[in-house]
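Just so you know, these numbers use all the heavy atoms, side chains as well, and skip hydrogens, waters and symmetry mates.
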Amino acid sequence: MPSVVQPEVVNIWHNCLKIIKEHVNQQCFKTWFEPIRPVKLEDSVLTIQVPSQFFYEWLEEHYVNLLSKTIHQELGSNARLEYRIVIENKSTNNNSTPFTVNKPTHTNDAPGYLKKPNQPESAPKEGIKNPFVIPGLKKMQFDSQLNQNYTFETYVEGDCNQLARSAGFAVANNPGGTAFNPLVLYGGVGLGKTHLAQAIGNFAKENYPSVSVLYVSSEKFCNQFIDAVKYGSINDFINFYQLVDILIVDDVQFFADKDRTQDIFFHVFNHLHQSGKQIILTSDRPPKDMHGMEERLISRFKWGLTTDLQIPDYETRLAILEKKMHAEGIELPREVVEYISYVVTTNIRELEGALITILAQASLMKLEIDLPLTKKILKNFIANSQKSISIDLIQQKVCEASGVAYDQLVGKSRKREFVQARQIAMHFAKQYTESSLKSIGRAFGGRDHSTVIHACQTVSNLYDTDISFQQMVDNIEKQIKMSM
Ligand code: ADP
Ligand code: MG
């Protein structure tokens, strides 16, 4: 193995990256291509080094065509790609020689041996050793604080969570040993962050019994720290956290503006990361938007993989409901389940809430659950959750009702009809969402909060004085409410 990479190989790979960059978005490029290192070129075979098995599988699964095309373009049609996978735990010893495996890249029609990275059935691979066993050292005993029901088996996969779930599964199989450290899961309320983070913990605990897992909410971490300060036991607090092998900290946005908690967490984070321990964080927003958080913490959060959970589509909502019903032994007419999945679009917690509401009310009223009853019950439920309607939906409804195109609605033009539609949409965004004035302004082509205030006032004035305007606004409101 050459110890120095030939300059021409570096050049070739540099050119390949240029081509790849044109075909994938920036986040993808950063996540999947920047960490690759060129190793050597021999007989038209370019060897590249990737940080983990999972990484290799992900590239092969998602980017095999792009990679082959790129290599052919750079090196001619005979060229091939081989992978070298770093298996050793990167954070324990950076200088050790990586154990390497050469994997030939396969073409699209020969994916036979490729294990999908997201198969829940696959047990941890033989040969992956629990990275945390230190002979002779007695492990500390403590309760992991995990909810047993939050597992990969009960977690439904969909487009909305695919990357997060696959990365989570890789981490669960090889805690501290993948490039995904920390693993940061972010997304809106009720989209499955806590469930997924705990599934990783539960899986690792079950498969590597000697691994100590700890789940803690940021709020609890913060309160424990305050107590430790109060009772003079900060050292115990730090020592305790430093003994954990997999630390899951939920809702880290709670640390915002809590400088001393951030300091102590920074300390714990560094210690764990340096010792090759796994850190999993969840947040309601990506690290770059974590205001009130120290820059040095944010930059560490970006070290591993940051990935989001999105709102599930109809099919995934249906699958989640069915799984939930199956687990609880509930049976409902198909059309009822379809209807619930269709109308409850906000998040999974609300979806489950709707199901429970229907079951509860039907049993109270001693009625058989059918579609008309479901519609009746959900009418109230949906009205109550109207605060969670999105700005997107409001914009869509206003565009439909006013005949103004979306680009015009959020565009720069001061044409009267565009301005009016824009103001009405801002007014509803203020009324029906919990978004701040600032984020409403942002959703309308980057306007500032005073523009939103002005829009709301204008709509309210016109509404009181202009009958036809009033009718138009009422009509749009009806459309919005119907889609809630
Ligand atoms: P978050 O932490 O993002 O607010 P949770 O993890 O608490 O969301 O999820 C809310 C509810 O939805 C939980 O009951 C969880 O089990 C369920 N849930 C979320 N995502 C899924 C999924 N993909 N499959 C099955 N259930 C899910
Ligand atoms: Mg949560």
Side-chain angles (χ1 to χ4, degrees), residues 25-31 34-35 160-161 163-165 167-168 171 178-198 200-201 214-226 237-238 241 244 246-274 277-311 347 349 388 390-391 433-443 446 448-449:
N25 68 35
Q26 205 193 347
Q27 178 66 35
C28 255
F29 185 80
K30 273 189 79 141
T31 308
E34 269 185 9
C160 55
N161 60 29
L163 173 58
R165 194 198 168 287
V171 163
T178 70
F180 312 140
N181 199 13
L183 176 64
V184 180
L185 308 168
Y186 74 92
V189 60
L191 293 182
K193 302 181 294 294
T194 299
H195 186 142
L196 182 55
Q198 294 215 18
I200 301 170
L214 182 69
Y215 167 86
V216 66
S217 71
S218 300
E219 191 173 359
K220 190 161 179 186
F221 183 92
C222 195
N223 289 336
Q224 286 173 345
F225 172 60
I226 293 169
F237 175 84
I238 295 176
Y241 275 96
V244 175
I246 301 179
L247 178 63
I248 304 168
V249 186
D250 209 356
D251 292 315
V252 290
Q253 75 275 0
F254 186 80
F255 287 161
D257 299 322
K258 300 189 172 64
D259 297 347
R260 292 195 65 194
T261 308
Q262 286 182 33
D263 275 350
I264 211 81
F265 183 64
F266 181 74
H267 195 76
V268 170
F269 183 105
N270 285 340
H271 181 93
L272 293 179
H273 200 275
Q274 276 158 20
K277 307 300 176 66
Q278 180 69 46
I279 300 156
I280 300 158
L281 308 171
T282 78
S283 167
D284 66 351
R285 68 202 69 187
K288 69 174 174 48
D289 296 336
M290 292 181 189
H291 306 297
M293 200 76 93
E294 285 176 38
E295 204 43 54
R296 56 181 189 162
L297 258 185
I298 293 183
S299 81
R300 271 161 181 73
F301 292 173
K302 293 180 189 161
W303 274 356
L305 180 71
T306 298
T307 173
D308 65 333
L309 294 168
Q310 289 170 357
I311 294 177
N347 66 56
R349 192 170 298 148
S388 43
S390 72
I391 297 181
T433 75
E434 282 171 307
S435 310
S436 64
L437 293 169
K438 203 169 153 193
S439 51
I440 294 174
R442 210 181 299 131
D448 69 12
H449 77 286

Results of side chain to side chain contact (heavy atoms under 4.5 Å, CB included) for K438 - residues two or more places apart only: S436, R442
Has [X] got a side-chain atom pairing as donor or acceptor with [Y]'s backbone, closer than 3.5 angstrom?
X: Q262; Y: E294; result: yes
X: Q278; Y: F180; result: yes
X: K193; Y: G187; result: yes

Where is the tightest heavy-atom contact between [X] and [Y], given as atom of each residue plus distance?
X: D289; Y: R285; value: O-CD, 3.1 Å
X: I391; Y: S439; value: CD1-O, 4.4 Å
X: L191; Y: L309; value: CD1-O, 3.5 Å
X: P182; Y: F301; value: CG-O, 3.6 Å
X: V252; Y: S283; value: CG2-CB, 3.8 Å
X: A167; Y: L183; value: CB-CD1, 4.0 Å

Could you give the distance from [atom1] ([X]) to [atom2] ([Y]), rounded to the nearest 0.5 Å?
X: L437; Y: I440; atom1: CG; atom2: CD1; answer: 5.5 Å
X: L272; Y: N181; atom1: CG; atom2: CG; answer: 9.0 Å
X: T306; Y: L185; atom1: OG1; atom2: CG; answer: 9.0 Å
X: K288; Y: M290; atom1: NZ; atom2: CE; answer: 10.5 Å
X: I280; Y: L214; atom1: CD1; atom2: CG; answer: 11.0 Å
X: Y215; Y: Q198; atom1: OH; atom2: CD; answer: 5.0 Å

Test of ring centre spacing under 6.0 Å for Y241 and F237: yes
Check: F221 ring centroid to F255 ring centroid under 6.0 Å: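 For F221 and F255, the ring centres are under 6.0 Å apart.
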Salt bridge (charged side-chain N to carboxylate O under 4.0 Å, His left out) pairs, two or more places apart, involving residues 247-270: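 Every pair satisfying salt bridge (charged side-chain N to carboxylate O under 4.0 Å, His left out) with a residue in residues 247-270: D263-R296.
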Minimum side-chain heavy-atom gap L247-V216 below 4.5 Å: yes
4.5 Å side-chain heavy-atom contact, V249 and I279: no
Under the side chain to side chain donor-acceptor pair (under 3.5 Å) test, residues paired with N223 that sit two or more places apart: none
Parallel, tilted or perpendicular, as decided by the 30° and 60° cut-offs, for the rings of F265 and F269: perpendicular
Full working for side chain to side chain contact (heavy atoms under 4.5 Å, CB included) between I264 and I238: CA-CA 8 Å; I264 211 81; I238 295 176; 3.6 Å; yes
